[in-house]
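Values in this document were obtained by computation on a predicted structure and should not be read as measured data. Atom set for the values below is all heavy atoms of this structure, side chains included, hydrogens, waters and symmetry mates excluded.
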Amino acid sequence: MLLAGAVGDGTTADVRLPPLSDAAVVFFSGTSAGSDGVIAHADDLSARLAPYGTRVVAIADAQHTPPADLLPDHADALEAAQVARWDSLVASGTPPYVDASCAASGAAPWQCYDLTYVLTEHVTTPAFVRQDLRDVTDQAEKVGVTEDEFEVGAAGMLDRFAARGHGVYGPNCAQHVALEVTDWWRVHTVADGAGTAWTLQDAVQAWFDGGTVAVRDEPVVGPGSGPASDCGP
C-alpha cells in the first residue's frame with residue numbers, strides 16, 4: 001500500500017501519500033517494542049526499496065537487552081527465557097517474522113528473534129541505536145538482572161553495536177524512550193569523551209550526515225544518573 005501511495009479512508013478520502021518508492025530517503029524508526037520491529041524488518045525494507053534508489057536508515061530507540069555473555073551471572077537463565085519465548089510463539093501458531101539472513105545462516109530460530117543478536121550479526125541497513133543504560137528491559141528483569149549489572153551489560157552492548165558500524169547513543173538517566181519525547185530528543189544531553197554535549201537530535205543528524213557517532217555514558221554503582229548525562233530536574 002505504501003509503495004503504491006496510501007489513500008485515506010472514507011472520512012479522509014482527499015488524503016493521499018506519495019508512493020514510498022518515490023522517496024530519496026526513508027527513516028524507519030521505532031520506540032520500545034517498535035524498535036524490535038525496526039531491527040527485524042530493516043533489511044527487508046531496504047531490499048524492497050533498493051530498485052527505486054531509495055536509501056533506508058533505521059533508528060531503534062530502547063528495548064535492547066544485552067546479550068547473555070555480557071550478563072554472565074544470568075546467561076543460562078536469559079538464554080532459557082529466550083528459547084521458551086520462541087517455543088511459546090511457535091506453539092501459538094503465529095511465529096514472528098525474522099530477519100532473512102539470520103534465518104538462512106543456520107542460527108537457532110530463537111536467536112533470530114533475539115534482536116540484539118540480529119543487529120550485531122546480521123543487519124546491514126545503516127542503524128542508529130539509543131538505549132539508556134539504566135532502562136532495564138522486561139526480559140532482563142524477569143531473570144533477575146539488577147540495575148547495576150544491566151548498566152555494565154548495556155554499555156558493552158552499545159560498544160559492540162558501534163564496532164559493527166551502527167551509531168549509538170547511551171544516556172544514563174533511567175529514561176525509557178526518547179524519539180517521541182521533546183526533552184529527551186532535543187534538550188537533555190550526553191557528553192562524549194572530549195566533553196562535547198550531544199542531544200539525541202544532534203547525534204542522529206551527525207550520524208545521518210556521515211559521521212561516526214558513538215556517544216554513551218558510563219555505568220555507575222548504585223542509584224543515580226551517570227556522570228556524562230544531563231537528565232534534567
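- To the nearest 0.5 Å, the span separating CG on Leu70 from CG on Leu158 amounts to 10.5 Å.
- For Phe27 and Phe208, the gap between ring centers is short of 6.0 Å.
- Remark: Arg216 does not engage Asp192 in a salt bridge, criterion side-chain N to carboxylate O under 4.0 Å.
- Note: the hydrophobic cluster containing Trp185 does not contain Val177 (ILVMFWY, side chain heavy atoms under 4.5 Å, direct or indirect links).
- Within the 3.5 Å criterion, the main-chain N or O of Ser229 finds no donor-acceptor partner in the side chain of Asn172.
- Tracing side-chain contacts under 4.5 Å through hydrophobic residues (I, L, V, M, F, W, Y), one never reaches Leu45 starting from Val123; they form parts of separate clusters.
- Once rounded to the nearest 0.5 Å, the distance linking OG of Ser101 with CG of Asp44 reads 10.5 Å.
- Looking only at distances, no side-chain donor or acceptor of Asp230 sits under 3.5 Å from a matching main-chain atom of His188.
- When all heavy atoms of Ala42 and Thr125 are compared, the closest pair comes out as O-OG1, 3.3 Å.
- Listed here is the closest heavy atom pair of Val118 and Gln111: CG2-O, 3.9 Å.
- Annotation: His122 is in aromatic contact with Tyr117 [ring centroid separation under 6.0 Å].
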Step by step, would you call Thr137 with His64 a side-chain hydrogen bond (donor to acceptor under 3.5 Å, both in side chains)?
CA-CA 7 Å; Thr137 60; His64 307 285; over 6 Å; no

Show your reasoning for whether side-chain contact (heavy atoms from CB on, under 4.5 Å) applies to Val190 and Trp198.
CA-CA 5 Å; Val190 179; Trp198 295 76; 5.5 Å; no

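- Counting only heavy atoms from C-beta outward, the side chains of Pro171 and Arg130 approach each other to under 4.5 Å.
- Considering every non-hydrogen atom in both Thr199 and Tyr169, the closest pair reads C-OH, 3.5 Å.
- If you check the side chains of Thr31 and Glu180, you find a donor sitting under 3.5 Å from an acceptor.
- Judged purely by atom type and a 3.5 angstrom limit, Asp61 uses its side chain to pair as donor or acceptor with the backbone of Leu179.
- Side chains of Thr54 and Leu20 form no contact here, defined as non-hydrogen atoms less than 4.5 Å apart.
- In this structure a side-chain-to-backbone donor-acceptor pair under 3.5 Å is missing from Tyr52 to Leu3.
- Pro66 places none of its side-chain heavy atoms less than 4.5 Å from the side chain of Glu149.
- Using modelled atom types, no side-chain atom of Asp183 and backbone atom of Val187 make a donor-acceptor pair closer than 3.5 Å.
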Walk me through whether Gln139 and Arg85 qualify under side-chain contact (heavy atoms from CB on, under 4.5 Å).
CA-CA 10 Å; Gln139 192 175 0; Arg85 181 176 60 164; 3.7 Å; yes

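- Taking both residues in full, the closest heavy atoms of Cys102 and Ser105 are given as O-OG, 2.6 Å, listed atom of the first, atom of the second, then distance.
- Here the straight-line distance linking atom CD of Gln201 with atom OG1 of Thr189 works out to 13.0 Å at 0.5 Å rounding.
- Considering only heavy atoms from C-beta on, Phe128 stays 4.5 Å or farther from Val57 through its side chain.
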Would you check, one step at a time, whether the test side-chain contact (heavy atoms from CB on, under 4.5 Å) holds for Asp148 with Val152?
CA-CA 7 Å; Asp148 285 351; Val152 174; over 6 Å; no

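- Checking side-chain atoms of Arg164 against main-chain N and O of Glu121 turns up a donor-acceptor pair under 3.5 Å.
- Looking at every heavy atom in both residues, Leu133 comes nearest to Asp217 through CD1-O, 3.4 Å.
- Put simply, CG on Asp132 and CZ on Phe150 are 9.0 Å apart, with the number rounded to the nearest 0.5 Å.
- Taken to the nearest 0.5 Å, the CD atom of Gln63 stands 9.0 Å off from the CG atom of Leu115.
- Hydrophobic cluster membership differs between Tyr97 and Ile39, with clusters built from Ile, Leu, Val, Met, Phe, Trp and Tyr side chains linked at under 4.5 angstrom.
- No continuous path of ILVMFWY side-chain contacts below 4.5 Å connects Val168 to Val215, so the two sit in separate hydrophobic clusters.
- Taking SG of Cys112 as the start and CH2 of Trp86 as the end, the distance is 7.5 Å to the nearest 0.5 Å.
- Qualifying salt bridge (charged side-chain N to carboxylate O under 4.0 Å, His left out) partners for Glu147, counting only residues two or more places apart in sequence or in other chains: Arg134.
- Checked by atom type and distance alone, the side chain of Gln205 never pairs as donor or acceptor with a backbone atom of Asp202 at under 3.5 Å.
- Note on ring orientation: taking the six-membered ring where Trp is involved, the planes of His166 and Phe161 are perpendicular (angle over 60°, cut-offs 30° and 60°).
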Between Ile59 and Val204, does a side-chain contact (heavy atoms from CB on, under 4.5 Å) hold up when you go through it step by step?
CA-CA 9 Å; Ile59 305 176; Val204 170; 4.0 Å; yes

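- Side-chain atoms of Gln82 never come within 3.5 Å of backbone atoms of Trp110 as a donor-acceptor pair (strictly under, hydrogens ignored).
- Heavy-atom neighbours of Asp73 CG from other residues, nucleotides or ligands within 6.0 Å: above the threshold of 12.
- The heavy-atom pair separating Val38 from Ser29 by the smallest distance is CG2-C, 3.3 Å.
- Side-chain atoms of Asp43 come within 3.5 Å of backbone atoms of Thr124 as a donor-acceptor pair (strictly under, hydrogens ignored).
- Put simply, the side chain of Gln131 gets close to the backbone of Asp135: a donor and an acceptor are under 3.5 Å apart.
- Placement of Val25 and Trp207 within a single hydrophobic cluster is found when ILVMFWY residues are connected by side-chain heavy-atom separations under 4.5 Å, directly or transitively.
- The closest side-chain heavy-atom distance from Leu200 to Arg186 is not below 4.5 Å.
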